[in-house]
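Keep in mind that what you see is a predicted model, and the values were worked out from it rather than measured.
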Amino acid sequence: MESLQRPVPQSAPPGCPMHAGVSTPLYGEMFSSDPEAVYDKLRANGPAAPVELAPGVDATLVTSHEAALRVLQNPGMFARDSRRWAALNEGRVPMDSPVLPMMFYRPNCLFTDGAEHLRLRKAVTESLDRLNDNRLNRHVERIAGYLIDQFSALGRADLLNDYAKLLPLLLFNQLFGCPADIGDRLTRSMSALFDGLDVIQANEELTSCLMDLVALKRRQPGDDITSWLIQHPAGLRDEELKDQLVMLMGAGVEPERNLIGNALLLLLSGEGGSGLRIEDALDDVLWNNPPIANYATHYPIQDLNLGGVPMDAGSPVVISFAAANSDPALTDARLTLSKGAHLAWGAGPHACPAKSPAQLIALSAIECLLNALPDVTLAVPAQSVEWRPGPFQRGLVSLPVRFSPVAARTTAPAVSPDTAPPGAVSGSETAQVYPQGTATASARAPQKKGWWSSFLDVFRL
């Protein structure tokens with residue numbers, strides 16, 4: 001391709017960050033409060049620019065829509081396998097960096113290339129294709145109703161931590177066919193990983209509970225994604241099965257909670273205009289506030305130039321879906337919210353295989369909430385909501401609302417603070433992180449229910 005070539009000696013444009021070797025940080029309050037200002041500054045100096053994903057973690061961020069497509073659609077020049085990451089291999093990346101869980105190699109279809117990627121992706125996509133839209137919608141409605149019942153009588157809630165965060169976590173327990181104990185462990189460990197709480201222990205617990213789930217489904221297969229992956233002709237090994245499940249949860253839970261939360265903020269703030277349809281709010285978010293703002297890390301297989309920007313072999317090249325969507329070249333498509341132009345779902349061989357189910361889940365979740373609480377309003381000015389820091393996601397810290405109290409339709413066991421996901425409390429006024437229970441406390445009192453086992457008790461699934 002014309003824009004991908006071996007580097008030739010040249011000077012960076014005057015004022016370009018590349019010229020001075022300055023990296024723009026993609027973390028901290030300045031970035032999270034106004035990322036578009038950062039993207040505009042970077043875009044003014046070329047199709048890509050050096051950034052710092054976290055202290056000591058350098059990368060190149062692609063901000064041009066055209067350049068992003070050239071990276072995403074050219075696996076022969078840009079690999080996804082992070083074992084190529086030169087700085088990490090050379091010990092120049094802090095091993096306690098908060099971005100490593102999102103960048104470490106796992107043998108799943110997110111971090112593989114070529115024939116191995118095709119084998120794993122085929123197993124995943126063909127298993128996802130077995131999901132029935134009506135069945136998926138029923139699952140969402142049942143989980144949504146259960147969660148709404150936890151706070152509906154209070155007249156107030158945090159729709160991010162009490163609803164948008166928990167719904168996809170519980171839904172994946174359902175789709176994976178988790179029994180009560182494994183589901184509670186999965187919900188707790190995945191939530192801790194997303195929140196950066198003792199990630200080493202959380203990752204060990206996640207691995208343990210998913211390996212237990214795989215062993216269970218090999219003995220007792222069911223009508224669920226785990227069993228379908230096991231039965232697929234690709235013949236996935238247990239470790240491969242575990243890593244595909246991790247990938248599905250990581251690619252499904254975090255973006256889904258941000259898609260639901262960001263769309264609810266738009267709908268409740270009135271910024272999209274009165275009478276804005278849920279479908280249009282979701283399209284607006286995918287264009288202007290994509291749930292995953294910067295990701296799809298690639299590694300050049302050789303030194304090259306991308307539109308005049310030099311890139312070293314084995315250096316992280318991150319796609320800014322948010323900046324690409326706001327590229328001035330896409331102004332007309334953005335104004336009409338054309339579904340085919342934005343990059344929120346990625347592009348090329350690693351494009352999201354589940355965009356239709358993801359949109360169905362978000363649409364159903366928002367419909368259920370607005371139908372149950374028709375007078376729900378923001379409890380704070382829309383301009384004062386806080387956005388989570390970090391380079392990858394575009395998600396809210398919380399979304400406080402108020403509404404007329406409504407009696408719960410079901411009665412559920414109380415969720416134990418020891419087993420609830422961090423940042424989530426049944427019927428809580430504000431989200432908070434609970435400490436882990438001690439052995440002494442556990443000996444004095446019986447173990448209470450976690451979110452998934454409490455849900456199963458209500459519906460006897």
Taking the side chain as C-beta and beyond, is there a heavy-atom pair between [X] and [Y] under 4.5 Å?
X	Y	value
Leu26	Val318	no
Leu136	Leu171	yes
Leu170	Asn173	yes
Asp129	Trp228	no
Leu159	Leu265	no
Met103	Leu88	no
Leu147	Asp162	no
Asp327	Thr63	no

**Request:** Answer yes or no: does atom CD of Glu386 have more than 12 heavy-atom neighbours from other residues, nucleotides or ligands under 6.0 Å?
**Result:** no
Hey, what do you get for [atom1] ([X]) to [atom2] ([Y]), rounding to the nearest 0.5 Å?
X	Y	atom1	atom2	value
Leu268	Leu369	CG	CG	8.0 Å
Leu110	Cys352	CG	SG	10.5 Å
His342	Ser326	NE2	OG	13.5 Å
Leu69	Asn74	CG	CG	11.5 Å
Leu306	Thr60	CG	OG1	9.0 Å
Ser127	Asp224	OG	CG	10.0 Å

Look at the side chain of [X] and the backbone N and O of [Y], then say whether any donor-acceptor pair between them is shorter than 3.5 Å.
X	Y	value
Asn203	Ser189	no
Ser82	Tyr105	yes
Gln244	Pro107	yes
Asp280	Leu276	no
Ser315	Met311	no
Arg43	Ala323	yes
Thr226	Phe176	yes
Thr331	Pro328	yes
Asp243	Asn108	no
Asn262	Arg394	yes

**Request:** Measure up the Phe455 and Trp452 rings against each other and bin them: parallel (under 30°), tilted (30 to 60°), perpendicular (over 60°).
**Result:** parallel
**Request:** Please work out which of the three classes, parallel, tilted or perpendicular, describes the rings of Tyr295 and Phe392, given edges at 30° and 60°.
**Result:** perpendicular
**Request:** Walk me through it: do Asp113 and Arg80 pass the test salt bridge (Lys or Arg N to Asp or Glu O under 4.0 Å)?
**Result:** CA-CA 6 Å; Asp113 302 295; Arg80 292 297 297 269; over 6 Å; no
Would you check if there is a donor-acceptor pair between the side chains of [Y] and [X] at a distance under 3.5 Å?
X	Y	result
Asp158	Ser398	no
Asn294	Tyr39	yes
Asp284	Asn288	yes
Tyr27	Glu52	yes

Nearest heavy-atom pair of [X] and [Y]: which atoms, and what distance?
X	Y	result
Gly250	Met190	N-CE, 3.6 Å
Tyr146	Ser454	OH-CB, 3.2 Å
Ser364	Glu141	OG-CG, 3.8 Å
Leu259	Ala358	CD2-O, 4.3 Å
Ser208	Arg185	OG-NH2, 3.0 Å
Pro290	Asn325	CG-ND2, 4.2 Å

**Message:** Using salt bridge (Lys or Arg N to Asp or Glu O under 4.0 Å), reason through Glu126 and Arg130 one step at a time and then give a plain yes or no.
**Reply:** CA-CA 7 Å; Glu126 292 183 356; Arg130 296 179 65 173; over 6 Å; no
**Request:** With side-chain contact (heavy atoms from CB on, under 4.5 Å) as the test, would you mind laying out the steps for Ile143 and Trp451 before giving the verdict?
**Result:** CA-CA 11 Å; Ile143 294 169; Trp451 279 105; over 6 Å; no
**Prompt:** Should Thr297 and Phe111 be marked as a side-chain contact (heavy atoms from CB on, under 4.5 Å) after you check the CA-CA gap, both sets of side-chain angles, and the distance that decides it?
**Reply:** CA-CA 9 Å; Thr297 309; Phe111 292 102; over 6 Å; no
**Request:** Check the pair His298, Val62 against side-chain contact (heavy atoms from CB on, under 4.5 Å), reporting the backbone distance first and the verdict last.
**Result:** CA-CA 11 Å; His298 291 70; Val62 179; over 6 Å; no
**Request:** May I have the step-by-step check of side-chain contact (heavy atoms from CB on, under 4.5 Å) for Val140 and Leu360, ending in yes or no?
**Result:** CA-CA 9 Å; Val140 174; Leu360 173 63; over 6 Å; no
